[in-house]
Each structure stands twice: as C-alpha cells, then as structure tokens.
Amino acid sequence: MTRSLTPRLFETFNAKKMSPAEVAETFVVPSLFHSIAGSDHCYIIGPRGSGKTTLLRMLHGESLMAWNTRESATARRMITYSTIFLPADELWASQTNATMARAAFSAQMLNSFVDTMLYRCSSVDSAGNPVHLPVQLTDSQQTAIASHCIEAWGLDAASPTFLDLQHALDLFLLRLSSSDDTRESPLGRTDALALLAFGIRVFNRTVQQPNHRWALLLDEMELAPPEILNEVVSFVRGGTTNLVLKLSMSPFDRYMHSYGVGKGPIPGHDFQTFYLSGQSRREIHGFTTGLWRESLRTRDLPYVPLSKALGQTLGGRDLTQSADCGALRGFLHSVAGRDESFRGWLRGRKIDIDALDAMTYNQRSANVRKILPLLVFRDALLRFEKGRAPTRRQRKKSLEPFTGVAAVTSALEGNPRWIKIAFSEMLKFYDQDEGLVSRGFQFDALIGLANRFEALFRVLPTRTESPGISVAELVDAVATYISAQNTGPFNADPQNGFTVDAKVPSDVLDVLVMGLYAVRLQRAAISTCLHPWTAGRQGISSAAWPRRQLE
C-alpha cells in the first residue's frame, strides 16, 4: 500500500534554518569531517547544497553536544577549541564604503563572540544539553571582561555585562547607516579580527586558560566584500596562535585569485583546503545511504536498505554476474538485432556474442562491460525501425537507465541538499508494506530536482550589458551535444565532456563562472540530460558551437 507521508524535519534542506539540535539529528558524517575539525586554519570549498554550512555548524558547541551517535564522543574529544559561528550577511556588502562594511562585519562577529562567552558560562544550553568546554565566571569577572571589551570596541553600554554588551552592538548596527559617529568607531577603523583577538585574550586570562584556542567559523565567504575578505586572508598568514579560521566558500574566481599569490597564504602551508566535490564512488555511495537511513529514521519508518527500496539499475551487475553470461548474451543479441550501427561495431571489433565465455576477464571488461551502460541507455530511449533513423521511446521504457540505486546515487553526486530533496519527494509515495519506491516516483523526483535547477539558470543574469549567451543556453547547448553523441550512430567512446581552453570567447568564460557560482555547470548539464529528448528545446543548436568548445 502506498501512503503519503507528512513532511518532517528532514525536509528542511538549508542548515542555516535549523536549530543546533536539528542539525545534529540529521547529520551524516562525511569522510572529511575529522580533518576539517582539526586545529588548523581550513577552507571548505564546494557548491551550494554540498554541506558546507552543516559541517561548520557541527563544529559549534551546541550542535556538537546535541549530537548523539557513536562518532560524537570522538569528535567532542577532538574539538578542544571554542567556536564562534558567523554566517555571511548582505549587510556587509550593502554599506557605502569599506569603513562601514568593516564596522558591520566587526559588530556581527563580536556579537557572535559574546554569544559564545555566554554559552560557555552556562550550566546547560537552550536545549538542556551540557555545555561544551564550560567555565565558571563570577559576576565581578564578567563585569571586568565586559568593561575591557566596551572600552576597546568603543561602545556605549548601559552597564558592563555580557547582555548589555550585545545590546550595545545591536544598537551600533541599527545606527550604522544614519550616524556619522559610528564611522569613527574602532569597529570601523580597526582590523576586525584584532578586535576579536583582544576579547579572546581578555576572556582567556580571566578564566586562567591563557593558551586556549578559539575558532571563527565563517560561512559563505564568497558573499563578503573584498575589504573583509582581504582582512581574513591577511590573518590566515600572520594572525595570533589562539584563533584559527575555518571558512566555507563556493568555487569561483575570487578564491583562485586570493590565495597562493603575492603575499597571500598558501594552501598546504598556511591552511588546509577541503573540496566537497569529486568524492570517490565509494564515498558517495556511503554518504547517500547514510542520508537515506536518516530520512527513514526521522519519519519513524523502519530501515530498509537503499538497494532494496530503489532496486538495481539495469545495465549493472544484474547483466554481468551470470556465470555463463546468458543474460548478457541475450541482451546483446536483442540490441544488435535492432541497431545496425552496433552490429557494425561488433563486426569491426570481431566480437562474437555467442563466444563471450571464451574471452578473458580483461577482454570482456574492455569490450563489453565498458559499453554496457551506453547500450542500456540507448535501448531505453531509442526505438530502432528498419530503414529509419532512431526515434524516441515512450516514457515507461525510458525509466530504466535513470532509476535504481546505482543511477540515483550517481545522479545525486553526494550533494546533501540534492539528496534530501530527492528522498523527500520519493518518500511522499513510499510503499511501506513493500519497502519500495516505484521506478516512476524515482524518476519524477530526479526530474523535479533537475527542473528546480533549470529554473534557477533561466533567471541568472549575464555579466555584460551586451547581448550574449546565457547560462541556460550554454547548458542546453552542452546537453544537446552530449545527447547527440550518445543517441546517434553507435560510438563506444562518445564525447561526454568538454575542455575550456584559451580559445574560448570571454563572454562564454563569464557564463561558465556564473554557472559555477550558482550551482556547478557540470551538474546542471547532467540534470538536463536526465530528460534527453527535451534537451536543448529552448537553447541553441549544437551545430552553432565550434567543436573545440565541446571536446
């Protein structure tokens, strides 16, 4: 029986909107987590939805203490520093000059620092969990810390307490754009991280932990204006020893131009860089199955392996595991009987389908297993008729290469937000009695996900005022080209990628940067290709593109 399920916690896809307990409850540990949690400066590079915010928030005390799995105790022992979480804010970039942008950044960062001081002085957090790295402060000690910070930060507080310190910072932000006095404040004239380092030293000395380390967790730093990013870059190279920075950024041109040049910090020497894309198939599979387990748990559903719920993908192990290759021979005969171009390829390679057993393992891998996914794809999408060019099949047949555990896992590429959205849609029509998601609902979830990102591309602006190709048109052109490569006369080595070289026009490079910044062009092209019979319907013909741009 199929039941529609009520949306729950796991359907909140952006970690910024979740409480610490909710972040911890749905956290699945990726392979890089323990490296990121180390005591060095680090940069987490990944596209939107790749889990950057979640990783940073899981280093924060409240999320860390709300986490209750086998890995959590190890992580808590490892993270011996106090954390200050600061998401990027458009307020920084909206200021009219660098001084005001720095002032806005400083005020918000120091407010988050006071939050962490308040947290560490508490016996339990807002959810009733124990505090990470707690300390005890007398009223006189809190007064002393607040007094020093009020003086150093140039604030006008009603009384020297942590709460009034925060009220003063809020008032400063409120008056930032309307008062000339705020522009003369130390918050606008002094290096922001120097102000934070001062507060850290005062707190550490007061609690008699002079060498205690703190970590500033800066999320979405690609949104920060250049003057703030430059301060961060300078600190990484020559900052104090009791403050480390852990930044998340989307992969676009600012990162490449800011680090490892001139006097900038160098990856591998001054900081560690962790990329949240390009994981191995094993890592992607493990992470995806972990999120599947969590999506079932948060809906109070019994665990069913992902491979059982989605089934196997046609063209994988189901056709190659037979001891006598019977299933594989039958499939190859069926395809060869309908596709003249494939029969010609077999003749050219002198491959006898009935003699597969005589091949060595390496010969069979190089000549048969390599082409099997492509054959399944073509057989599912194309209808071969004698004397006519291939035409598109109906939808029911076309589900086969895009459903099943291998296809779904590959399409989602280990992107946490994509995975959550797809599983959320699939589980709305989950058959609890059978523990299955039908092929049609799997396909619909992937197409719905692709359509969401395609809609984003349709509204992205171009970087130049003159008319030029848009991100959506470029994605359509690439998808049209790749679709033609795989659905034309059989080719065992279709061109399924392209190289961006010095000959690519500047307007195309701008569009590529815009696409990378938004989501990642490669994923969008793959998503568009999920519906290959409509790829390019609103774009330009692949014939309009020089081959060198698509090879």
Side-chain angles (χ1 to χ4, degrees), residues 280-282 284-285 288-289 305-411 413 436 439 442-443 482-497 526 529-530 532-533:
S280 68
R281 288 186 180 182
R282 181 186 296 272
I284 290 174
H285 180 77
T288 305
T289 54
L306 186 61
S307 57
K308 180 182 184 302
L310 303 186
Q312 295 299 322
T313 300
L314 184 62
R317 299 179 63 183
D318 51 336
L319 290 180
T320 60
Q321 295 303 300
S322 176
D324 62 355
C325 300
L328 180 58
R329 277 199 303 270
F331 176 72
L332 293 178
H333 273 303
S334 174
V335 174
R338 287 177 278 110
D339 187 348
E340 171 58 33
S341 63
F342 178 55
R343 290 199 299 273
W345 182 84
L346 290 172
R347 288 193 298 269
R349 298 295 292 267
K350 298 181 180 179
I351 296 176
D352 183 354
I353 295 175
D354 293 320
L356 295 181
D357 290 328
M359 289 183 172
T360 66
Y361 176 84
N362 289 337
Q363 288 173 331
R364 194 179 304 162
S365 296
N367 292 288
V368 180
R369 285 195 178 95
K370 170 186 173 182
I371 65 170
L372 191 55
L374 177 58
L375 289 176
V376 172
F377 172 86
R378 289 168 58 83
D379 185 60
L381 263 67
L382 302 177
R383 181 172 63 247
F384 297 91
E385 297 181 1
K386 187 175 182 180
R388 295 183 183 179
T391 56
R392 301 291 184 182
R393 286 187 182 273
Q394 295 179 349
R395 171 190 151 116
K396 183 176 180 180
K397 180 68 174 178
S398 67
L399 297 180
E400 294 173 351
F402 303 120
T403 58
V405 62
V408 170
T409 302
S410 296
E413 291 193 6
L436 298 174
R439 302 262 175 182
Q442 294 177 42
F443 188 82
I482 293 175
S483 179
Q485 286 284 305
N486 290 274
T487 58
F490 180 78
N491 178 3
D493 296 295
Q495 292 289 329
N496 287 332
I526 290 171
C529 286
L530 283 172
W533 54 90

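- Across all their heavy atoms, D354 and R329 have their closest contact at CA-CD, 3.7 Å.
- Here the CZ-CG distance, from R347 to D352, works out to 13.0 Å after rounding to the nearest 0.5 Å.
- Under the side chain to side chain contact (heavy atoms under 4.5 Å, CB included) criterion, S334 pairs with R338, not counting sequence neighbours.
- The closest side-chain heavy-atom distance from I351 to L332 is not below 4.5 Å.
- In terms of modelled atom types and a separation under 3.5 Å, the side chain of D339 and the main chain of V335 share no donor-acceptor contact.
- Note that NE2 of H285 is 6.0 Å distant from OG1 of T409, once rounded to the nearest 0.5 Å.
- Between S307 and Q312 the shortest heavy-atom distance is CB-NE2, 4.0 Å.
- Note: N362 CG to R369 CZ = 10.0 Å, rounded to the nearest 0.5 Å.
- Pairing each heavy atom of M359 with each of R364, the nearest pair is O-NH2, 3.7 Å.
- Here the straight-line distance linking atom CG of L328 with atom NE2 of H333 works out to 10.0 Å at 0.5 Å rounding.
- Rounded to the nearest 0.5 Å, atoms CZ (F331) and CD1 (I353) are 10.5 Å apart.
- Minimum heavy-atom separation, R378 to S341: NH2-OG, 3.7 Å.
- Every residue two or more places apart in sequence or in another chain that forms a side chain to side chain contact (heavy atoms under 4.5 Å, CB included) with P494 is listed here: L374, Q485, N486, N496.
- With values rounded to the nearest 0.5 angstrom, L382 atom CG is found 12.0 Å from F490 atom CZ.
- When all heavy atoms are compared, the tightest approach of L310 to Q442 is O-NE2, 3.0 Å.
- Ring planes of F443 and F402: tilted class, angle from 30 to 60°.
- Residues passing the side-chain hydrogen bond (donor to acceptor under 3.5 Å, both in side chains) test with R281: none are found, sequence neighbours excluded.
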